Amino acid sequence: MKSQIFCEHHLIDNLDKTGLFQQDDVPKVLFYDDNLQETQIKTLTQKIRPSLTIPIESCEDNKSADMLIRLQEILLTHKMAKNTIFIAAGGGTVTDLIGFLAATYFCGVTLMLIPTTLLCMVDACVGGKTAVNLLHFKNRIGTLYPAHHIFIDPQFLSTLPDIQMICGMAEVIKYGLIFDHTFYDYLKKSSNSFEKKDPHFLKDIISTSLQIKTDIVTQDPWDLSLRRILNFGHTIGHAIETDSQYAISHGLAIAAGMCIEAHISFARGFLSYDALEGIFALFVTYRFPFASLQSMTVDRLYPLILLDKKNSGKHPRSVILSSIGSTLSFDGNYVDEISLIEITNAINWFTMQVGNVYEKSCCDPF
Ligand SMILES: NC(=O)c1ccc[n+]([C@@H]2O[C@H](COP(=O)([O-])OP(=O)(O)OC[C@H]3O[C@@H](n4cnc5c(N)ncnc54)[C@H](O)[C@@H]3O)[C@@H](O)[C@H]2O)c1
């Protein structure tokens, strides 16, 4: 199923005009990130007119089986039936959780997403992946259940903390690295527009990202081959995130993961050293706070890297860039085994780069 995507500034103010929320006899449940502002929640409630509203505290601990059961109990207590529409307004944490809930409640109810973080607008809201975490395993239990409708209003970004904006850029830069050299070059020139939250720039990067992700997902809807390229940076990134017990956000962790995995492409002769340094420099330009990652070590990360879902047996696997803007196919697998030595060298290189930038500046350069 293909999601119907709407994307424009102030879309939320006009949500009622889409004609999708008019039927008062259809029960609607609005799940919203409890960090949204009062005015944003008020507008959502006025336009959607939900039968039930459920605030969700957005944190990885809540992307859990326990939380799913708690929500299912609330819904059943309120007699929400198969015809209920679930509307999830929030970042990727809320949309992943509610997406999974929608996929399983009465074997599947109508799902609408209103992403409110940059990361969710450019990535998590499309493609249909829904998931919860279990034990040490991130996103391991889930379904593919694309939302029926997605409403993207970049206006939500006006209240998003800067660090969350920066983390969202990780997935945007990823699209340039794995799929579109021209987009990567455009991002290299655009950090000023990003700093200013230029509305044209934001709309531009959201729509290009959505186009790229949709293109990839359409070619591999069941996540069996090409779609794995979307995991660039995630073999290492998820380990960093898990090691920090989610204190390091997803975007920051995968930004570091991309630099480290790009080093493996460099070590295999696919990227020049200039290109590798350019990738690191781009993340620094977008002010990724890498200084907080300076103390990470292979010893701590490797056992977690071995738990990665792309692992085929004994060895972890990663996406390998063939150049900026493309990846190696490995006979349609799109990932290759990476050795402990490659990982060690790459992590050491990354922490050294971070140290260099940090020490050169009298104040935090990030
Ligand atoms: N399903 C997918 O394809 C996919 C893709 C990428 C990431 N993800 C998942 O997405 C999650 C990360 O999502 P995220 O980066 O959006 O983080 P998040 O959902 O945790 O949100 C980040 C923070 O921003 C706050 N927030 C959200 N919207 C706000 C707004 N408009 N104003 C002020 N504060 C706001 C939240 O309360 C939270 O504190 C991870 O769990 C990751 O696994 C899923």
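One-based numbering, in listed order, for ligands and for the atoms of each. Treat the numbers as computed from the prediction; the structure is a model and nothing was measured.
- Where the criterion is an N or O separation shorter than 3.5 Å, residue side chain and backbone included, Gly90 fails it with respect to ligand 1.
- Residue pairs meeting the side-chain hydrogen bond (donor to acceptor under 3.5 Å, both in side chains) criterion with at least one member in residues 214-230, sequence neighbours excluded: Lys129-Asp223, Asp215-Gln219.
- By the 3.5 Å distance cut-off applied to N or O atoms, Leu119 is not counted among the residues near ligand 1.
- Proximity of Ile205 to Ser190: side-chain heavy atoms (C-beta onward) are nowhere separated by under 4.5 Å.
- Every atom of ligand 1 is numbered from 1 in the order shown, and the set under 4.0 Å from a heavy atom of Thr117 is 14 (P), 16 (O), 21 (O), 27 (C), 28 (N).
- At a threshold of 4.0 Å, the pair Lys310-Asp308 counts as salt-bridged, since one of the basic side-chain nitrogens sits closer than that to a carboxylate oxygen.
- Below 3.5 Å of separation, one finds no N or O of Glu171 facing any N or O of ligand 1.
- For atom 40 (C) of ligand 1, the nearest protein heavy atom (residue, atom name, distance) is Glu60 OE2, 3.2 Å.
- Lys138 counts as a contact of ligand 1, since one of its heavy atoms falls under 4.0 Å from the ligand.
- Residue Met296 forms a side chain to side chain contact (heavy atoms under 4.5 Å, CB included) with just one option from Ile248, Ile236, Thr351, and that option is Thr351.
- Using a 4.0 Å cut-off between charged side-chain N and carboxylate O, Arg287 and Asp162 make no salt bridge.
- Within ligand 1, the atoms closer than 4.0 Å to a non-hydrogen atom of Thr159 are 30 (C), 31 (N), 32 (N), 33 (C), numbered from 1 in the order shown.
- With no hydrogens or angles considered, no side-chain donor-acceptor pair links Thr159 and Gln37 at under 3.5 Å.
- Looking at heavy atoms from C-beta onward, Arg49 lies out of side-chain contact with Phe21 at the 4.5 angstrom threshold.
- Among all non-hydrogen protein atoms, the one lying nearest atom 17 (O) of ligand 1 is Thr93 OG1, 3.8 Å.
- When each atom of ligand 1 is checked for a heavy atom of Asn139 under 4.0 Å away, the hits are 43 (O).
- Counting atoms of ligand 1 from 1 in the listed order, those under 4.0 Å from a heavy atom of Lys129 are 1 (N), 3 (O).
- Each of Asp96, Thr143, Thr104, Thr95 was checked for a side-chain hydrogen bond (donor to acceptor under 3.5 Å, both in side chains) with Thr130, and the lone residue meeting it is Thr143.
- Counted by atom type alone, His250 and Glu60 present zero donor-acceptor pairs between their side chains at under 3.5 Å.
- Close approach of ligand 1 to Asp33 is summarised as follows: ligand atoms under 4.0 Å from at least one heavy atom of the residue are 25 (C), 26 (N), 27 (C), 36 (C), 37 (O).
- Atoms of ligand 1 lying under 4.0 Å from at least one heavy atom of Lys213, given by number and element, are 3 (O).
- Checked by atom type and distance alone, the side chain of Glu261 pairs as donor or acceptor with a backbone atom of Thr235 at under 3.5 Å.
- Of all the atoms in ligand 1, the ones that sit under 4.0 Å from a non-hydrogen atom of Asp123 are 5 (C), 6 (C).
- Residue contacts with ligand 1: Gly99 is excluded, as none of its non-hydrogen atoms falls under 4.0 Å.
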Test ring pair (Phe, Tyr, Trp, His ring centres under 6.0 Å) on His9 and His200; report intermediate values, then the result.
CA-CA 10 Å; His9 282 277; His200 298 294; 7.9 Å; no
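- Summary of contacts: the protein heavy atom closest to atom 35 (C) of ligand 1 is Leu160 CD1, 3.5 Å.
- The shortest N or O to N or O distance between Thr130 and ligand 1 is not below 3.5 Å.
- For the residues Leu252, Leu144, Asp96, Leu36, the heavy atom positioned nearest atom 1 (N) of ligand 1 is part of Asp96.
- Ligand 1 places these atoms under 4.0 Å from at least one heavy atom of Thr116: 27 (C), 28 (N), 29 (C), 30 (C), 31 (N).
- For ligand 1, none of its N or O atoms has an N or O atom of Gln164 under 3.5 Å away.
- Contact annotation: the side chain of Lys63 approaches that of Asn139 to within less than 4.5 Å [non-hydrogen atoms, C-beta and beyond].
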